[in-house]
Amino acid sequence: SQVLHAHGAVVRLFGRHREKLRIAAALGIDARAPRHLPAGRFGFTVDATGSGEGLAQAVAMTRPRGMVILKSTVHGLVSVDTAPVIVNEISLVGSRCGRLQRALPLLRAGKVKVSPLISDVLPLREAPRAFARASEPGVLKVLLASGRAA
């Protein structure tokens with residue numbers, strides 16, 4: 001959402017986790033946790049939920065002949081109801097990690113802020129503890145650093 005926002009896109013971020021939404025809102029992104037998601041409203045929808053149901057929700061929010069960009073990698077198989085995709089002629093497009101060279105200027109200019117997304121930094125020698133920490137509820141990203149922790 002930060003990258004799209006930095007490039008001038010009007011971003012509406014929908015989610016369930018209020019603490020994560022607060023991070024995006026503090027960065028100027030319209031972030032919401034509605035009871036009901038808008039149906040058929042957006043020409044482009046990005047699924048970055050990491051959940052199997054995220055794709056179905058993204059398809060439902062996309063208007064006919066729109067596009068769903070898939071940023072999530074979900075472990076295992078994801079069931080997809082193809083009827084709304086076919087009937088509404090929605091394009092599904094996979095999008096893996098982008099080029100690092102294009103991200104660096106955004107990071108340098110402070111247009112994308114990663115520090116609010118980092119819950120902890122631990123030295124590489126504490127990798128098992130870092131993995132345990134990363135699995136705790138509410139923890140976003142845990143970094144492993146060579147040498148001492150930052």
- [ ] Consider only side-chain heavy atoms of I, L, V, M, F, W and Y, link residues closer than 4.5 Å, and tell whether Phe42 and Phe44 are in one cluster.
- [x]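 Per the 4.5 Å side-chain linkage, Phe42 and Phe44 are not co-clustered.
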
Open item on the list: Between Val80 and Val68, is there shared hydrophobic-cluster membership here, with clusters defined by ILVMFWY side-chain heavy atoms closer than 4.5 Å?
Closed with: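 Yes, it is one cluster - the side chains of Val80 and Val68 are joined through contacts under 4.5 Å.
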
Validation row: [X], [Y] side chains within 4.5 angstrom (heavy atoms):
X      : Y      : result
Met67  : Ile90  : no
Phe14  : Leu37  : yes
Ile29  : Gln2   : yes
Leu143 : Leu122 : no
Ile23  : Glu19  : no
Ile69  : Asp47  : no
Asp81  : Val59  : no
Leu70  : Val93  : no

- [ ] Verify, without hydrogens or angle tests, whether Ser72 (side chain) and Val74 (backbone) share a donor-acceptor contact under 3.5 angstrom.
- [x] no

Open item on the list: Donor-acceptor pair, distance only, cut-off 3.5 Å: does the side chain of Thr82 make one with the backbone of Val85?
Closed with: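 Side chain of Thr82 to backbone of Val85, a donor-acceptor pair under 3.5 Å: no, none is there.
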
Nearest heavy-atom neighbours spanning [X] and [Y]:
X      : Y      : result
Arg32  : Leu21  : O-CD1, 3.4 Å
Lys71  : Ala48  : CB-CB, 4.1 Å
His5   : Gly28  : CE1-O, 3.3 Å
Leu13  : Ala24  : CD2-CB, 3.5 Å
Ser146 : Leu124 : CA-CB, 4.5 Å
Ala33  : Arg18  : CB-NH1, 3.5 Å

- [ ] Output the distance between atom CZ (Arg96) and atom OG1 (Thr73), rounded to the nearest 0.5 Å.
- [x]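 Here the interatomic distance stands at 11.0 Å.
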
- [ ] Mind checking the CG-CD spacing from Asp120 to Glu126? Nearest 0.5 Å is all I need.
- [x] 9.0 Å

Open item on the list: Are there over 12 heavy-atom neighbours, none belonging to Arg133, within less than 6.0 Å of that residue's CZ?
Closed with: yes

- [ ] Using side-chain contact (heavy atoms from CB on, under 4.5 Å) as the criterion, point out the one residue from Leu140, Leu144, Val139 that pairs with Val142.
- [x] Val139

Open item on the list: Applying side chain to side chain contact (heavy atoms under 4.5 Å, CB included), can you list everything that pairs with His7, at least two apart in sequence or on another chain?
Closed with: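 Scan of His7 (side chain to side chain contact (heavy atoms under 4.5 Å, CB included), adjacent residues dropped) gives Val3, Leu106.
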
Open item on the list: I'd like to check the side chain to side chain donor-acceptor pair (under 3.5 Å) partners of Ser119; sequence neighbours left out, ordered by chain and number.
Closed with: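 For Ser119 there are no side chain to side chain donor-acceptor pair (under 3.5 Å) partners, ignoring immediate neighbours.
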
- [ ] Check salt bridge (charged side-chain N to carboxylate O under 4.0 Å, His left out) between Arg16 and all other residues, then give those that pass, not counting sequence neighbours.
- [x] Glu53

